[in-house]
Every structure is written in C-alpha cells, then in structure tokens.
Amino acid sequence: MKRFALAGNPNSGKTTLFNSLTGSTAHVGNWPGVTVDKREGVYKKLKEQIAIVDLPGIYSLSPYTPEEVISRNYILDEKPDCVINIVDATNLERNLYLTTQLLEIDVPVIVALNMIDEVKKAGDSIDAEKLEKKIGVPVVEVSALKGEGIDILMKRACECCLKPRKGTTVLEGGALMHLVRDCKIALEGAGVGNALFHAVKLVELDELEVAQHPQAAETVQKFKETFDDETFGSDFEAIVADSRYKYISQNYSNALVRNSKTGKEKLSRSDKADRILTHRIWGIPIFLVILFAVFHLTFSEDFLYLGAMGALGKDWVSLEGLWGEGMFGSSDGIASPGVILFNLLDSITSSVSDAVSSAMTNAGAAQWASGLVVDGVLGGLFSVLSFLPQILVLFMFFSLLEDSGYMARVAFILDRIFRKFGLSGRAFMPMIMGFGCSVPAMTNTRTLADENERIATIRVIPFFSCGAKLPILTAIAGGIAQIAGAGNADVITYGMYVLGIAVAICAVLLMRSTTMRGEVPPFIMELPAYRMPQAHSLAMLLWDKVKHFIKKAFTIILASTIVIWFVSHFSFDWKFLTDDKINDSILAGAGMLLQPLFTPVGFGSQLGEWGWVFVVAAITGLIAKENVIATFGTLAACITSSFVADEALGGVDSVVQMINATGIGVPALIAFIAFNMLTIPCFAAVATAKAEMPNKKKFNFTLLFWIATSYIVSAMIYLIGEWWWTLFIWLAVFAAVITLIVFHNKGKLNFGRMAWLKKDGRSE
Ligand code: GDP
Ligand code: MG
C-alpha cells in the first residue's frame, strides 16, 4: 500500500485534511500544537487504497522541538511515497519556508494550497499554475474544510509519486552554495542518502547532522572561520534562512494577487479584537467573565436573574400552571438552556425507572432483584446519565471558544504573566485540553521541550476539571443550592473550575521554584486567525463525546454500581441485608474504617452513621470519576427506599438525600468537591501519567502530590468555612513557605522568553 505523509505548519489544516481524507474524527483545534504524534488512516476513494499519515505541525526541519524531530525522521527514514505539503494560503510566504526545506529531500512533493476558500473570500487570488512552474512540483488549490479540490489533490499525488524525485534547493547561486556542493559530494561519497538535504543542514551546523557526520562538519567549521558576511557574520544558519526568505519573496510571492483593501481591513478587525481580548489588564477579567457566562448558560436555574430580582411570583411573570412548569423553571427563576435539557432527560429517566420498578413488582420479582435493578443499576446509571446534556452544552461552548481562536488568546494572556515563573504559554494548551479529558492532555505535553516543565504540567492537568468530574460538581452544587434555597448552582460550579485553575497555577509555581526547576527554551508560536466555528466539526465532536460517555456508562460505571450494590447488601458473614440494614454491610464497614482519615477535610467521623457514603464515593471515583455520583445514586436510592417507596433518584436528589441523612454542612460539601477534583484522577489518567513520566520515582511522587494537594486544599476550605479565624493560620503558613522559597532561590531563577507571532509576522 502506498503511503502519503501530510506535512505543514501548525494550524495549517493538516488534521482537517486528514479527517476528510480518511473519514476519521481526530481532534481539530484552532491553535498550534494539537497533533503531537503522527497518526495513520486510509484513503479509500481510489482503486488502490492509500495510507495517510498526519505528521505534527512544524515551521522547519530543524531539530529544536520534538515535533520537528518526529516529522523529519518520518520523512527521511520511513520514506513515504509522497509528501503532501499543506500550505496555509492565507499566510503564503511564511508557510513556503518549510516547503523550501522539504524540496531538498529526495522524495516526491506536492503542495496543497489549503484554506483557498478564505483567500477567495478576502477577494485575493493565487495563480497556482505560475507557482507550480516556479516551485517545480505540483500545486493544487484545496479547502480541507469544505472538501474542495481534495480528489484532484489525491489524483495528482498518485501521478507524481510514480516517478522518483531528486532534491532541489533554493540556495542555488547563493554565497554558501559551493560549500553545500562540497559537503554533498563528500556525503554522497560516504553513501549517505538524501545528500543534498543533509549537506544543507550540515552547512547550517544543525546539531543532529554534526553528530552524525563529524568529518564533514569539520570542513564546514574550517570554512566558517574564513567567512564573514556583512549582515550575518559567520552565522550560517541565519544566512541560509535569509536566502530562503529572499528567494520566496522574489520568486513565489508574486503568484498571490492581493485585493489589498479587504485584506488590510480584515487584519485590522482582528487586530482591534485582539487589542481588547488580549489587553494587558482587561484580558484576564474578560476571560473570567466569558467563562462565567458559559457556566451561567449551562447551569443556572435563574437564567435571567428574574428570581434574584424578585420579579417572579408576581402575576405577570408567574410560571405556575403553565405547561412545562418545573421543566423550564421554578419560583426561583427561568432555567438556562443547559438546565432545561437536564430537566427533560431527568423526567424521562425517572419515568423509565418508575416503569421498570412497577413492572418488576407486578411480575412478582424478589425484593433483592428489584433492589439490584432499580436502586443499584438504574439508580447509579441514571444519576450520572442525567448530566449528559449539561456536559454536552458545556463542551459545545468550550469547543466554540477553541475553534474561534479565543482559547489560543487565553494561553497568550496567561503566558505573559507566567513565563516569569517558568511556565510557557505552550504548557497552557495541554492544560486547557484537560477540561475535556486528562488522558490526551497528558500525551499532548510531549510538545514541551523542558522535561521538568513537562512533569510539572502533567501533575496539574487533572486540576483542570474534566468532563467526568462535571457530575460531581453539578450534583453537589445543585444539592447545596437546594438546601440553601438559591438558584446559584452555576456560581458554585464556576467557582470550582476557577479554584482548580488557581490551585494548578500555585502548584506549578511551587514546583518550578523548588524540585522541578528548569529553563523554558524560547520558542515561537503563532496566534491563529479568528475563525467562524463550523457546525459540522462541532457536531462530530459532540457525537464523539456522547459515544464515549455511553460506552463508559455501560461498562465501567455499570460494573461499579453492581459491585457497590452487592457489597452494600451483604454483611461480612455473607448474609443478605435489606435496604434499611446497609449500615452493617461490608461496604459500610470498610468506609467506617477509613472515615477518621477524612475528619480534617469535613466528611469523616463527624458525619455519623451515614458518613461512610462520602468516603466510599470518593474512593470509587479512583476508577472513574463518574462513579462518585453513581455511588451516591445507588446508595441514596437504598436509603430512601428504606423510608419511602422504591424509586431511583436523579443526581441532585440523591445528594440532597445524603445531605439530609448526614447533616453535612456547606463547607464540608465544597471541601468534598475540591477533594475529588484535586485528588488522584481516574484509572486511565493515572496509567497515562505513569507512561509519560520519565521514571518510577517521579510517578510515585506524583501520586503523593495529588493526595497531598487535595487533602490540604479541602482541609483549608472546610476549616476556614467552619471556623473563619483559621484563615489567619493558613495565611501565616503560606507566608512562611513563600518566604523560605524566595530566600532559597535568590538569583537562581531564570526562564527563557517566548515570542508570539502575529498572523502578519510581527512579533509581540
Ligand atoms: P493542523 O494544526 O494543521 O492539524 O490544523 P487543523 O486541522 O487543526 O486546523 C486548524 C484550523 O483551521 C481549524 O480551526 C480548522 O477549522 C481550520 N481550517 C482547516 N482547513 C480549512 C479550510 O480549508 N478553510 C478554512 N476556512 N478553515 C480551515
Ligand atoms: Mg493537527
């Protein structure tokens, strides 16, 4: 089978093209650095099937970043039949820089001018034929997003991979060409393949080449001593880069016909937006407001603040007696879209479990059997499932923020502040990915060149609350709102997300200034263009989430709830217990044994006989975070049915049930959320962290770090919440720690700077 590799700058649309070629749903994001590893798929539309490899985005073939090394080695060593060089046509000159390097390799190359739709929309045009003549390899206009030109691209790629191609260089005629030629002859003599490419890299004194061909490198060094250029001295790398750019602007640039007016207008519009959104002072408050708006839309029971303003209850806006009362709002106010969807699903699931329950009773099923099915399985599953709509709504907003290009700006704002403390803006991307799922986010840290920065980042990724933790936050926030009689679940959920971010930042600062010191190498990153989010890719993303969630619900969560139900209905001497006796169960026994450990964080011994449920729920969360609420669902259904009738409860109801049974207070509930959010993440994330850590010791320390962080933060919340004056003790302790660190590090910290490039190449 033939293999075509996709190579191009970050954010040029490689993954979009890969998805439309292979029909897969790999993550596409409007920021650089989403694809870290290479990824394979198959193109099936031609007679002969073709393997497509999506390489990580690169600006050049130098070995400065892991992405560059992966892409370079793939093209040189695995020798694909054709390299499809994706070029962002809206940013032609800078993208062609990589093209000039790819051309030096002895491999068939075809240039795909992507995003041609945007070029046309701006009123510009590109003369592809002219460009093709100049570059000497096929050039095809495509729009990966709209699926235009892709068949032609593949057809021409198939033609061009039939005949072998010898590398060519744009350095021909330049000051260093004879040196390149000498090196090339020497390398060819030594039987090295791709002699031209290696010769050019040798002249640039590229680390990898120098190590591989020390003899030829010596020749270059000797020549270098005699050489002196007016502008660049003897910096051969700079001279080569300069000749590439000169060649591009003299020979390729005129293929682009600019309708200059609209081009400038558009740039200035995005500049204006950036001036506000990335403002030095207002940038962060704006981000927090946008984030709050997202949470408000997803979780608020009082969407328009009618309840808060006291407007409801008056005759003219009363919801009473209307169809859908309760579904669309209550006396507290009108529900947000997320809550309406939640209520809708909740009413469906509760009628299903009612129906199942009465069907089983009518059929004369044994009490334990209906208990297992209704309380154990349905109670557990539905309490988690009921949050699916809100999870989807939240992800939809996150995805809109990401696709529009705004999230990359958030990374930019944060970078400005935190690079001082040893964290580059690049580390924020995997962190923000952590809002979705920690597993791919941890893998994404491979883009970080400094190992200590990478370790520190992996450790804090779980603090960016993932989709699976959302039910914990929402259910307990809902419970708190209900016992406090307010419609403010959105404020609590939002607050917990922000707490997670804050703890992550503090923890990184602490690590980077103590055990995980290291330099952040300077690197360049591009602020992507603002783009209209695409309905199609959004739908794909959400569908992926639904599939993932359902799969998890019917495997891990289902199995866990069944186990929980059994161990809560058998005593240590294996006697079956009815619902009202589950305090004598194996599960209760184990929970009670551990209960004292959790007294300082608010959900331990002080909660009395039902308190073990909180402990057990937190522990089941180590398998999958959804289990925390599923466990509540299962056990609360039992508690209720020992008082009332058999009935499975929704997530929020089961929390309220547990609150009533234990009398737990608000500070302890918040501490419980914080504990679950910050402690050891789920099984899958732990396994990924283990695989990504350089050694066992670092991994063990990571586990310890998670336990310690969650314990300290939740203890702080609980203690300050219950006894406000303990705040001063905490402050004193933190002040002492900070002073110690500052003294210890005097003059030792020095982190590299990072340059951000604007779309037009200006650097910030
Ligand atoms: P990668 O980093 O090279 O893999 O780039 P992605 O495939 O993740 O795409 C980056 C951004 O460009 C996303 O927001 C895409 O929706 C957008 N994009 C990709 N191809 C096109 C295209 O042909 N036209 C337009 N207008 N946008 C595109
Ligand atoms: Mg990609």
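Indexing begins at 1, ligand by ligand and atom by atom, following the structure's order.
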Would Arg409 count as a cation-pi partner of Tyr530, with NZ or CZ less than 6.0 Å from the six-membered ring centre and within 45° of the ring normal? yes
Residues 134-145 side chain polar contacts: donor-acceptor under 3.5 Å, at least two apart:
from: Ser143; atom 1: OG; to: Asp117; atom 2: OD1; distance (Å): 3.4
from: Ser143; atom 1: OG; to: Lys146; atom 2: N; distance (Å): 3.2

Side chain, backbone, both or neither: which part of Lys14 has a heavy atom under 4.0 Å from ligand 1? both
Give a yes or no answer on whether the side chain of Ser404 reaches the backbone of Leu401 with a donor-acceptor pair at less than 3.5 Å. yes
Answer yes or no: does an N/O atom from Thr15 fall short of 3.5 Å to an N/O atom of ligand 1? yes
Leu145, portion touching ligand 1 at heavy-atom distance under 4.0 Å: both
Where ligand 1 meets Asp117 - atom numbers and elements under 4.0 angstrom, heavy-atom basis: 22 (C), 23 (O), 24 (N), 25 (C), 26 (N)
N or O pair under 3.5 Å between Ala144 and ligand 1: yes
Relative to ligand 1, is Leu17 under 4.0 angstrom through side chain, backbone, both or neither, heavy atoms considered? neither
Options Gln534, Arg39, Glu402, Met115, ranked by nearest heavy atom to atom 18 (N) of ligand 1, top entry: Met115
Within the 4.0 Å heavy-atom cut-off, what Arg531 brings close to ligand 1 is side chain
Please confirm whether the backbone N or O of Val107 pairs with a side-chain atom of Arg165, one donor and one acceptor, at under 3.5 Å? yes
Between the side chains of Lys120 and Glu148, is the shortest nitrogen-to-carboxylate-oxygen separation below 4.0 Å, so that they form an ion pair? no
Taking C-beta and beyond as the side chain, do Leu131 and Leu256 meet within less than 4.5 Å on heavy atoms? no
Enumerate the atoms of ligand 1 whose separation from the nearest heavy atom of Ser143 is less than 4.0 angstrom. 22 (C), 23 (O), 24 (N)
Polar proximity ligand 1 side, Val142 side, N/O cut 3.5 Å exclusive: no
Provide the full list of ring-ring contact (aromatic ring centres under 6.0 Å, His included) pairs with a residue in residues 89-118, sequence neighbours left out, each pair given once. Tyr97-Tyr245
Salt bridge (charged side-chain N to carboxylate O under 4.0 Å, His left out) assessment of Lys14 paired with Glu67: CA-CA 14 Å; Lys14 291 177 303 301; Glu67 292 98 315; over 6 Å; no
Yes or no: does Ser12 have any heavy atom under 4.0 Å from an atom of ligand 1? yes
